[in-house]
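Notes to accompany the following structure.
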Amino acid sequence: MNEKLDLRGKLCPEPVIATKKVLDKKEVESIEALVDDEICVANLERLARSQKVHISVKKESGFYAVSLSRNLQTQADANIAGLPEAGQGAPDNSKTGTVLFITRETLGEGDAEFGKTLLGVFLQSMYESGHKPRAILLSNSGVKLLSSSSSSKKVLEDFKAGGSEVLACGLCVEFYGLKAEIATEQITNMFAICEYLNAADKLIQP
Amino acid sequence: MSPAEKHKLTANIKAQGCAAKLSPLELAQIVKSLPKVKSENLLCGTDNFEDAAVYKFSDELAIVSTIDFFPPLIDDPYLYGRIAAVNALSDVYAMGGKPLLALNVFCFPSCDYPLTLAEEIIRGGASAVDEAGCLLVGGHSIQAPEPIYGLSVIGTVSPQRILTNAGAKEADKIVLCKPLGMGVGLLSHKGGMLSENTYKELISNLCRLNGPCLEIALKYDLHAATDITGFGLIGHLHEMAKASGLKVRLNSKELPLLPEVLQCAEQGLVPAAAYANRKAYSEISRIDESVDLALSDLLFDPQTSGGLLFSVSAREAFQLAEELKQAEWPAKIIGDFLAGESGLIEVF
């Protein structure tokens with residue numbers, strides 16, 4: 001279950017108390033909290049640390065969007081030295097499931113534009129099938145699916161809202177210059193990607 | 001429902017007690033523009049961030065002058081008044097003085113709150129002034145958008161016995177006399193996260209006059225004193241270390257703490273002023289990696305009505321701490337003054 005909290009305009013300590021109350025509910029897997037300032041963010045970081053949940057922060061204009069999620073372990077174990085995006089952690093190996101590994105922006109080979117459209121159709125069909133993958137991992141030109149101009153961005157957001165993790169390879173995001181367009185929380189590293197693939201019950205690579 | 005329950009004093013207050021102070025960086029910026037005053041009788045002025053000004057009248061007599069006030073930190077008006085007055089009187093004690101006269105400083109929005117609340121605030125303040133053996137002789141009150149209360153206090157001290165920030169000596173021990181965590185505790189209480197017992201302990205510390213603590217300590221070989229308030233332990237220790245040309249080694253395992261505050265800080269109940277203090281003192285503090293984040297937050301936590309801190313010769317420190325403990329002050333030896341980079345605070 002994902003919760004959204006708009007805590008803008010609330011005086012300290014209300015933002016951290018309200019977030020903690022929601023986080024204390026076991027059925028809540030992730031929270032997106034909007035807060036006013038860096039102080040609230042710093043306090044939510046302390047909360048995340050103490051509750052051992054993953055946190056990522058995105059600065060918006062005039063406020064901060066803070067995502068807390070239980071699915072990912074804290075980043076400490078999974079960092080790879082030298083990778084700027086090595087922040088996202090490895091998955092919890094006790095959780096298996098289907099993993100989609102998308103390594104290019106097209107489905108199969110052939111006409112490039114047709115390939116892109118086809119990949120969109122594939123993702124949409126997969127979403128509507130009701131089979132919920134545990135994670136969708138994007139690498140190489142596959143990370144472009146998360147760019148703002150991509151027609152597949154919407155369906156990937158739908159997967160995410162449905163509880164699937166949608167993660168992009170950090171090196172690839174950097175290489176294609178998409179850092180500004182992709183939320184930090186969705187950026188992972190190759191180490192974590194390997195962990196997901198190894199833990200998967202079923203791997204689908206379109 | 002009592003008037004205090006109906007009209008919550010802290011409902012719209014952003015920062016509680018000494019957490020409402022301008023940050024150290026902001027204060028340094030505005031004090032910079034003050035003209036330097038010099039007088040051979042002015043023993044303590046704006047230099048060295050002392051707790052109060054001291055002016056010498058004769059070889060036997062100097063006056064200590066100070067003012068302190070802040071917005072409500074709890075909803076109980078009597079306790080708020082009491083705590084604000086205790087906190088203001090403390091600056092006189094921190095200079096080694098005895099309070100003589102006090103004036104109320106009072107802002108009150110009488111359109112928003114009933115006057116009975118104002119009476120309670122003043123009454124709470126008067127109780128502390130009276131207990132200090134000081135005379136409350138008047139004051140000034142105005143309408144304002146949020147309540148503010150405190151005192152201007154004049155005290156006396158012998159010019160030979162002034163306790164400034166500047167007197168700490170190499171190898172002195174540092175004795176702290178009240179537990180840390182007032183800022184985190186107040187914020188946690190506001191968030192409903194503090195147990196009844198801890199809240200009681202917090203209030204009893206906030207309401208406790210530092211006078212009797214000073215009285216015991218004056219029997220010992222004290223070299224410097226201050227009280228820990230808005231700039232937190234590290235901020236006030238830094239001022240002392242800087243004024244004395246020494247560095248400090250602080251033992252984080254020996255800090256007296258209020259119960260529960262460590263867990264509250266861990267969960268993110270850290271007041272904004274603690275972050276401002278951390279920022280302001282980041283250059284002059286070196287905190288060992290082994291020190292837990294929540295514990296380091298408490299080093300920067302803004303204290304309201306905090307404890308006296310003494311720099312005392314090593315051979316007497318243990319005895320001082322023991323005698324204070326017998327008088328139920330949770331005094332602890334928390335570190336040493338050492339030769340080294342002036343003003344540096346090392347925490348291990």
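Excluded from the calculations below are hydrogen atoms, water molecules and symmetry mates; all remaining heavy atoms, backbone and side chain alike, are included. Per chain, numbering begins at 1; letters A, B, ... match sequence-line order.
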Problem set entry | Full working for side-chain contact (heavy atoms from CB on, under 4.5 Å) between A:Cys12 and A:Asn43 | CA-CA 9 Å; A:Cys12 191; A:Asn43 279 334; 4.0 Å; yes
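Using a cutoff of 4.0 Å between basic side-chain nitrogens and carboxylate oxygens, B:Arg278 and B:Asp297 are scored as salt-bridged. A salt bridge is defined here as a Lys NZ or Arg NE, NH1 or NH2 lying under 4.0 Å from an Asp or Glu carboxylate O, and A:Arg49 with A:Glu45 fails to meet this definition. Salt bridge status for B:Glu346 with B:Arg249: present, with a side-chain N to carboxylate O gap under 4.0 Å.
Of the two parts of A:Ile39, the backbone and the side chain both hold a non-hydrogen atom closer than 4.5 Å to a non-hydrogen atom of chain B. Of the atoms belonging to B:Ala274, not a single heavy atom falls under 4.5 Å from chain A. With a threshold of 4.5 angstrom between heavy atoms, A:Leu11 approaches chain B through side-chain atoms but not through N, CA, C or O.
Counting heavy atoms from C-beta on, the side chains of A:Val66 and A:Thr19 never come closer than 4.5 Å.
Using a 30° and 60° split on the angle between ring planes, B:Tyr80 and B:Tyr149 fall in the perpendicular class, above 60°.
Atom CD of A:Glu38 has 12 or fewer heavy atoms from other residues, nucleotides or ligands within 6.0 Å.
Taking non-hydrogen atoms and a 4.5 Å limit, the residue list of residues 115-129 of chain A in contact with chain B is empty.
A:Lys154 is linked by a side-chain hydrogen bond (donor to acceptor under 3.5 Å, both in side chains) to A:Asp158, counting only residues two or more places apart in sequence or in another chain.
With chain A as the partner, the residue from B:Glu266, B:Gln263, B:Lys190 showing the most heavy-atom pairs under 4.5 Å is B:Glu266.
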